[in-house]
Q: 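Below is the structure I would like to discuss, written out as structure tokens.
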Number of protein chains: 2
Amino acid sequence: MHELEGPEPMYRQIADIIAAQIEDGTYRPNSRLPSEAEVCTRFDVSRRTAREAYAILIERDLVVTSQGKGTYVKRREA
Amino acid sequence: MHELEGPEPMYRQIADIIAAQIEDGTYRPNSRLPSEAEVCTRFDVSRRTAREAYAILIERDLVVTSQGKGTYVKRREA
DNA sequence: GGAAATTTGTTCGTATGTATA
DNA sequence: TTATACATACGAACAAATTTC
């Protein structure tokens with residue numbers, strides 16, 4: 001699906017792609033993002049790398065994760 | 001199965017311990033913190049866990065890391 | 001100058017626990 | 001209960017930047 005290669009580490013590239021998709025409305029507020037396992041297969045990376053990508057989005061305050069539920073797009077305020 | 005178990009995950013415990021040591025002056029501003037390898041042996045954890053601990057301190061803006069150099073106590077501003 | 005050692009950076013794999021559906 | 005999904009933690013390997021000898 002996606003061809004990922006470049007100077008940036010994969011987890012950052014993935015984070016940027018998903019962040020852009022949140023921005024452009026592909027993933028709407030409160031909607032569930034792909035599971036870590038889905039990210040693994042979609043971008044052909046390990047679970048570790050998928051988690052690193054989501055960790056960045058969490059740090060950016062773009063998403064929240066909930067054990068057993070999934071990762072969700074956070075609502076934008078201000 | 002692991003030892004040294006508590007209410008908090010190990011990486012957070014380690015982060016809290018080191019953060020406290022930064023607070024009390026054990027580790028002074030601009031000084032180098034123990035390398036990841038040292039954290040591994042000192043707390044008997046894997047490198048991944050050691051890195052998770054430092055990741056927390058980075059997120060808290062308490063330390064900075066530099067490839068090939070090490071992890072340093074950040075200088076307090078404000 | 002250069003090789004070796006040190007240290008962080010990235011990435012993979014595996015196992016087990018906990019929470020939710 | 002079973003399946004799904006995230007949380008924690010172990011290990012391994014190589015790359016890249018820096019330091020040391």
Side-chain angles (χ1 to χ4, degrees), chain A residues 1-19 21-22 27-75, chain B residues 1-19 21-22 27-75:
Chain A
M1 178 177 278
H2 291 94
E3 281 296 332
L4 293 182
E5 218 166 324
E8 292 288 315
M10 300 264 276
Y11 67 81
R12 205 171 301 150
Q13 292 182 55
I14 294 172
D16 286 340
I17 288 172
I18 295 177
Q21 290 179 316
I22 290 173
Y27 298 118
R28 315 262 294 272
N30 294 324
S31 67
R32 223 205 63 180
L33 290 167
S35 71
E36 294 174 354
E38 285 176 306
V39 172
C40 293
T41 59
R42 185 175 301 187
F43 295 96
D44 194 30
V45 294
S46 72
R47 175 107 186 274
R48 179 80 236 159
T49 301
R51 281 179 64 76
E52 288 286 346
Y54 274 161
I56 288 179
L57 298 180
I58 292 169
E59 194 182 341
R60 287 186 195 165
D61 207 38
L62 287 177
V63 309
V64 292
T65 63
S66 188
Q67 191 170 10
K69 289 175 67 182
T71 303
Y72 292 82
V73 179
K74 204 167 178 182
R75 240 197 191 298
Chain B
M1 217 155 339
H2 29 271
E3 49 230 78
L4 215 139
E5 214 162 354
E8 293 287 309
M10 302 241 274
Y11 68 81
R12 206 170 301 149
Q13 291 183 55
I14 295 171
D16 286 341
I17 289 172
I18 296 177
Q21 290 179 315
I22 290 173
Y27 298 118
R28 314 258 295 272
N30 293 324
S31 68
R32 222 204 68 186
L33 290 167
S35 71
E36 295 173 355
E38 285 175 306
V39 171
C40 292
T41 58
R42 185 174 302 186
F43 294 95
D44 193 30
V45 294
S46 70
R47 182 164 171 224
R48 163 109 342 248
T49 301
R51 282 179 66 78
E52 288 285 348
Y54 273 160
I56 288 178
L57 299 180
I58 292 169
E59 195 183 340
R60 286 186 196 166
D61 208 39
L62 288 177
V63 310
V64 292
T65 64
S66 187
Q67 190 173 9
K69 288 174 69 179
T71 303
Y72 292 80
V73 179
K74 206 167 176 181
R75 201 139 30 93

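Just so it is clear, the model here is predicted, and its values are computed rather than measured. So that the names make sense, note that chain A is the first sequence line, chain B the second, and so on, each numbered from 1.
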Q: Is the distance from OP1 or OP2 of C:dC12 to the nearest side-chain N or O of A:T49 less than 4.0 Å?
A: yes
Q: Are OP1 or OP2 of D:dA5 and a side-chain N or O of A:T65 less than 4.0 angstrom apart?
A: no
Q: Are B:E38 and B:R32 ion-paired here, with the side-chain N under 4.0 Å from a carboxylate O?
A: yes
Q: Can you tell me the distance, in whole Å, between the CD1 atom of A:I14 and the P atom of C:dC12?
A: 8 Å
Q: Counting any heavy atom closer than 4.0 Å, what does A:S46 reach on the DNA or RNA strands: base, sugar-phosphate only, or nothing?
A: base
Q: For D:dA9, take OP1 and OP2 only and decide whether either is under 4.0 Å from a side-chain N or O of B:Y11.
A: no
Q: Quick check for you: among C:dT8, D:dA7, C:dC12, whose closest atom lies nearest to any side-chain atom of B:E36?
A: C:dT8
Q: Could you tell me whether B:E59 and B:R12 make a salt bridge, using a distance below 4.0 angstrom between a side-chain N and a carboxylate O?
A: no
Q: What is the distance, rounded to the nearest whole Å, between atom CD of B:E52 and atom P of D:dG11?
A: 15 Å
Q: More 5' along DNA chain C: A:G68 or A:D44, using each one's nearest nucleotide?
A: A:D44
Q: To the nearest Å, give me how far apart CG (B:L33) and C1' (C:dT8) are.
A: 13 Å
Q: Does A:Q67 get its side chain close enough to the base of D:dA7, under 3.5 Å, for a donor-acceptor pair?
A: no
Q: Check whether any side-chain N or O of B:Q13 sits under 3.5 Å from a backbone N or O of B:E8 as a donor-acceptor pair, and report yes or no.
A: yes
Q: Can you tell me which residue among A:I22, A:V64, A:I18 is in a side chain to side chain contact (heavy atoms under 4.5 Å, CB included) with A:V73?
A: A:I22
Q: If you take all heavy atoms of B:N30 and B:Y72, which pair is closest and at what distance?
A: O-CD2, 3.4 Å
Q: Nearest of D:dT8, D:dC6, C:dT11 to any side-chain atom of B:P9?
A: D:dT8
Q: Can you see if the side chain of A:T71 gets near the phosphate of D:dC6 - specifically, an N or O under 4.0 Å from OP1 or OP2?
A: yes
Q: Could you give the CG-to-P distance, from A:L57 to D:dC6, as a whole number of Å?
A: 13 Å
Q: Checking all strands, does A:Y54 fall into the base, sugar-phosphate, or nothing category for heavy-atom contacts under 4.0 angstrom?
A: nothing
Q: On the side chain of B:R47, is there an atom forming a donor-acceptor pair with the base of C:dG9 - under 3.5 Å, no angle test?
A: yes
Q: In this structure, how many angstroms lie between the P atom of D:dT8 and the CZ atom of A:R48, rounded?
A: 10 Å
Q: Rounded to the Å, how far apart are A:M10 CE and C:dG9 P?
A: 19 Å
Q: Can you confirm whether A:I17 sits close enough to A:F43 that some side-chain heavy atom of one is under 4.5 Å from a side-chain heavy atom of the other?
A: yes
Q: Provide, to the nearest angstrom, the distance between the NZ atom belonging to B:K69 and the P atom belonging to D:dT20.
A: 11 Å
Q: Any side-chain N or O of B:R51 below 4.0 angstrom from OP1/OP2 of C:dT7?
A: no
Q: Taking the nucleotide of DNA chain C with the nearest heavy atom to each, does A:S66 or A:A50 sit closer to the 5' end?
A: A:A50
Q: Which nucleotide sits closest to the side chain of A:R32: C:dA21, D:dC10, D:dA5?
A: D:dA5
